[in-house]
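See structure below.
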Amino acid sequence: MVGLAYDCLANPLGAVRSTFEKATHRDRTPPPSTAGTGAPLISSVTFSSRTMVSLSFLCDMCSRFITVWENLGANSEFCNYKMGSANTLVRFRGMIQDMLGNEFYVGAYKDGSVWRTNKYTDVPQFPMDTSPDMRLWERRMLYCIPVPGQNSWTESPSEAVMYRSMNSATPQREKRQRLDVEATDNMDCNVSDEGVECSPAKKLKEDGHLQSQESITEGTSSSMIMGPDVNRDSLPCLIKIYDCPESDLKLNEVFEFVGVFTFDPEFKVDKDECDDFTNGFSEDVLVHFPPNKVPRLHCFIHRKLAVHDFLPRSPTVEPKPNLVKEIREALLRHLTAILGNDGVAAHFMLLHLLSTVYSRVETVAVGKLSLNLTCFSKESVPVFGSPLRLAMKNLLPFTQCISLTVDYLNTASLAPRKDYETNRLITGALQLAEGSHLIFDETHLEAGTLNSVGVENARVLKTLMELQKVEYDFKFYKLDMAADVKMLILSEGKSNILPADIVLPFHPASVGSSEVAAEALEAWRWYLATLRSLPHSIEPEMQKVIENDLVAARQEDRKLGTQDFSRLLTMGRLMSMSFGETSLSLEHWQMVKELERLRKERLK
C-alpha cells in the first residue's frame with residue numbers, strides 16, 4: 001500500500017506505524033496497547049461526511065472481489081486485483097452473529113532501539129526476532145454477517161454505480177487496472193521519521209522467514225480465492241476489535257466497522273506458539289474461518305446502526321405534523337391499494353409497521369403489535385400476499401417471508417445453538433437484527449404430526465410472538481435473548497401457532513396496482529424509520545378519558561383483560577405517532593376506538 005505516512009485514508013497502516021514510532025521514540029518503558037496507534041487520528045478523519053462518501057467506494061470490498069471473479073474468472077488477474085486491494089481502509093456493515101472471544105498477539109516488539117507494532121495486522125510488517133522486548137496484547141474477535149433479510153435498496157448509490165462500472169469495464173480499462181495493481185503489489189511502504197521508503201513486498205512464511213511477493217502470487221491457486229461458491233449477499237467478515245469495552249458490542253446488534261482489510265491467504269499460526277499463547281484458539285479460527293472464505297477487518301472505529309442509518313438518502317428534515325400528515329395519507333392510499341381496497345386492514349397495517357419494542361416491564365414487551373390477517377387461501381395469496389411481500393421489501397430494510405408447513409416445523413433450525421466441538425454459535429432463522437420484519441404464510445399448513453423438533457419450533461415461535469424473546473440453546477442451559485421483530489401472519493383462520501395481538505379478517509374488494517414513484521418510496525421509508533422512535537406521552541386529562549373508556553368497555557364485555565387494554569394503549573400511541581404527534585389527543589383516541597369497533601364487527 002503506497003501513501004504518505006500521515007495519510008490515514010490512503011495508507012492506514014503507515015499512519016499507525018508512524019504515530020506509534022513517534023509516540024515511543026523517547027520512551028524507554030514498554031509501550032501500552034493504546035500507545036500512538038492512530039485510531040483517534042483516524043476517527044477524527046473518518047466520520048466526516050466527505051470522508052464517509054469516499055469510503056463508500058471501498059465498502060464491502062470482498063463483494064467486489066466476487067464481481068471481479070464473475071467477470072474475469074479464476075485467474076491471476078483476479079488474484080492480483082485482490083492482493084492489491086489488501087491493507088486498504090474499508091467499512092463493513094453487518095450484524096454480530098457470534099462473539100469468538102479474545103485473541104493474544106505480539107502487539108509490540110523492539111527492532112534494535114526502535115519499538116514497532118503489529119497492531120491492526122495479521123502478520124508482522126518487519127522481521128521479528130524472539131526477545132524479551134516483546135509485548136503480548138489482546139484483541140476481541142467478532143464474526144459478523146450481512147444483516148439477515150437486508151433488502152437491496154439499502155445499498156448506497158455509490159455502491160450501485162461501482163457495481164455497474166465494474167460490470168461494464170472495457171478490456172483496455174481492465175488491462176490498465178491490472179498494470180496499476182501489479183505495480184502496487186510489488187511495493188510496500190516502510191514508514192520512518194525521514195519519510196516513506198518503498199521496498200519489495202515481503203510476507204512471512206510458516207517458519208517465520210521472509211518470502212517475496214512474487215513467489216506468493218505464483219503459488220496462489222484458485223482454492224485460495226473467494227470463488228463463486230461465496231455469495232456476496234451472505235459474505236461474512238471476521239472483525240478484530242481493539243481497546244474497546246466488551247459492553248459496547250453485543251450479540252445481534254448491527255454495526256458499521258471502519259478499519260484495515262487484510263488478505264493473507266497463506267497466513268498460518270505456528271502450532272507451538274499457538275499452544276503457548278492461545279491454547280489452540282487462533283488455530284481453530286484459521287480452520288473454521290480461512291482467509292479465502294472469511295476476510296479480516298482490523299477495526300479502527302465502529303458505530304452502532306439503527307434502521308434510519310440504512311436509508312440511502314436520509315433527508316435532514318424534522319418530522320413536522322403537516323409534512324408527516326401528507327406522507328401518511330399517501331402511504332395509507334398505497335397500503336389500501338395493495339390490500340385490495342380494504343381500508344381497515346390498511347390502517348392496522350400502518351400501525352403494525354410503526355410498532356417497535358420500546359420498553360420491557362418484567363416479561364412484557366411494551367410496544368409490539370403483531371398482526372394476523374385471516375381469510376387468506378392458497379389461491380388469494382398470489383393475488384394479495386405477493387404484492388404485500390413486495391411492498392414490505394420496498395418499505396423496510398430487513399424483511400423475510402417464511403412459508404409455514406408441518407415439514408418446515410419438523411426440520412427447520414429456528415433458534416441458534418452452541419456447537420462446542422467447533423466452539424461456534426450456529427445461527428438460526430430467528431437470529432435477527434432489531435427492526436426486522438417477518439411474514440408467516442400459513443396457507444400451506446395442513447394437518448400433520450409434529451415431531452420433537454416441530455413441537456420445540458412451535459414453542460419458540462410462540463415465545464417470540466408473545467414475549468419478543470428467542471431462546472438460544474447452549475446445550476447445558478438455555479438463554480433468552482431479547483428481540484424486536486415485527487410479525488405478520490397470513491392464514492385462513494386464526495393462527496393457533498402464532499397468537500397475534502391483532503386478528504383481523506381480510507376483506508378485499510378489488511385488485512389494485514402496486515406501482516409507485518421512487519420519490520414516494522423514499523419518503524415512506526423515511527416516515528417509517530423516523531416516526532417509530534418518536535417520544536410519546538399521555539397528558540393527565542387524556543389519561544382520565546382513557547381510564548373511563550376502558551372501564552366502560554370492561555362493563556360491556558367482561559372478557560376484556562389487561563392484554564386487551566395494553567393493546568389499545570399501544571394502538572393509541574402508534575396512532576398519534578403516525579401523525580407525527582408526541583402526545584395522544586382525543587381525536588386520535590377516537591380513531592383507535594373506531595378501528596377496534598370495525599375489527600370486532602368482522603370477527604362476529
Side-chain angles (χ1 to χ4, degrees), residues 92-97 144-156 233 249-257 302-315 319 327 331 335 349-360 365-371 388-402 414 416 427-440 461 463-470 481-489 498 500-502 521-536 570 573-574 577-578:
F92 178 86
R93 286 183 167 188
M95 184 185 81
I96 301 177
Q97 190 273 319
C144 297
I145 60 175
V147 183
Q150 182 175 347
N151 293 313
S152 59
W153 62 262
T154 59
E155 295 178 358
S156 64
D233 295 326
L249 300 109
K250 297 179 181 178
L251 197 66
N252 301 336
E253 290 184 335
V254 178
F255 278 86
E256 181 172 64
F257 302 95
H302 59 269
R303 63 181 180 120
K304 186 179 178 180
L305 299 181
V307 171
H308 61 79
D309 291 311
F310 285 85
L311 301 179
R313 288 180 290 273
S314 180
I327 298 175
L331 177 55
L335 294 175
M349 184 65 66
L350 179 61
L351 301 184
H352 163 72
L353 294 178
L354 286 171
S355 65
T356 182
V357 177
Y358 67 90
S359 178
R360 292 183 183 271
V366 183
K368 72 182 183 71
L369 192 72
S370 52
L371 177 60
L388 183 58
R389 286 194 295 266
L390 180 60
M392 298 299 102
K393 287 176 65 71
N394 287 330
L395 292 173
L396 303 174
F398 322 128
T399 62
Q400 294 190 65
C401 182
I402 296 176
L414 297 184
T427 189
L430 298 184
Q431 188 176 11
L432 302 169
E434 176 183 329
S436 298
H437 187 275
L438 279 180
I439 297 180
F440 291 92
L461 287 172
T463 301
L464 176 60
M465 177 67 77
E466 295 179 337
L467 306 178
Q468 283 293 301
K469 292 182 179 179
V470 179
M481 297 292 293
D484 185 5
V485 180
K486 301 178 182 66
M487 304 178 73
L488 172 64
I489 304 96
L498 298 165
D501 299 309
I502 301 289
L521 273 178
E522 290 181 4
W524 297 340
R525 292 164 183 165
W526 169 84
Y527 171 90
L528 294 173
T530 304
L531 267 62
R532 67 194 296 269
S533 59
L534 282 181
H536 187 265
T570 297
R573 174 179 179 271
L574 295 173
M577 288 172 56
S578 72

With sequence neighbours excluded, tell me which residues meet side-chain hydrogen bond (donor to acceptor under 3.5 Å, both in side chains) with [X].
X      : result
Thr399 : Asn151
Ser370 : Asp501
Ser436 : none

Provide the closest heavy-atom pair for [X] versus [Y] in the form atom of the first, atom of the second, distance.
X      : Y      : result
Gly435 : Arg532 : CA-NH2, 3.9 Å
Trp526 : Ile327 : CZ3-CD1, 3.6 Å
Leu414 : Leu461 : CD1-CG, 3.8 Å
Met465 : Ala500 : SD-CA, 4.0 Å
Ser355 : Lys486 : O-CE, 3.0 Å
Pro312 : Trp153 : CG-O, 2.9 Å

Please tell me if the side chains of [X] and [Y] come closer than 4.5 Å, counting only heavy atoms from C-beta onward.
X      : Y      : answer
Val254 : Glu434 : no
Arg525 : Leu396 : no
Leu249 : Phe257 : yes
Ile489 : Ile439 : no
Phe255 : Leu305 : no
Leu331 : Leu353 : no
Asp309 : Lys304 : no
Val470 : Thr463 : no

Going from [atom1] on [X] to [atom2] on [Y], what distance comes out if it is rounded to the nearest 0.5 angstrom?
X      : Y      : atom1 : atom2 : result
Leu350 : Met577 : CG    : CE    : 10.5 Å
Leu438 : Leu498 : CG    : CG    : 9.5 Å
Arg93  : Glu256 : CZ    : CD    : 4.5 Å
His308 : Ser533 : NE2   : OG    : 6.0 Å
Thr530 : Leu311 : OG1   : CG    : 6.5 Å

Sequence neighbours left out, what passes side-chain contact (heavy atoms from CB on, under 4.5 Å) with [X]? Give chain and number order.
X      : result
Leu531 : Pro319, Val324, Leu354, Tyr527, Leu534
Lys250 : Glu253
Gln468 : Val357, Arg360, Ala365, Lys368, Leu464, Ala483, Asp484, Val485, Met487
Gln150 : Val147, Thr154, Phe310, Phe398

Criterion side chain to side chain contact (heavy atoms under 4.5 Å, CB included) on Met349 and Leu388, from CA distance to verdict = CA-CA 10 Å; Met349 184 65 66; Leu388 183 58; 4.1 Å; yes

query = Can you list the steps and then say if Leu351 with Thr570 is a side chain to side chain contact (heavy atoms under 4.5 Å, CB included)?
reply = CA-CA 9 Å; Leu351 301 184; Thr570 297; over 6 Å; no

task = Look only at the side chain of Asn394 and the backbone of Ala391, and say whether a donor-acceptor pair between them is shorter than 3.5 Å.
result = no

ask   = Does Arg389 use its side chain to pair, donor to acceptor, with the backbone of Gln400 at less than 3.5 Å?
value = no

key: Between Asn252 and Gln431: side-chain donor-acceptor atoms closer than 3.5 Å   = yes

ask   = ring pair (Phe, Tyr, Trp, His ring centres under 6.0 Å) with Tyr358: which residues, sequence neighbours excluded?
value = none

inquiry  = Check the orientation of His437 and His352. Use parallel for under 30°, tilted for 30 to 60°, and perpendicular for over 60°.
reply    = perpendicular

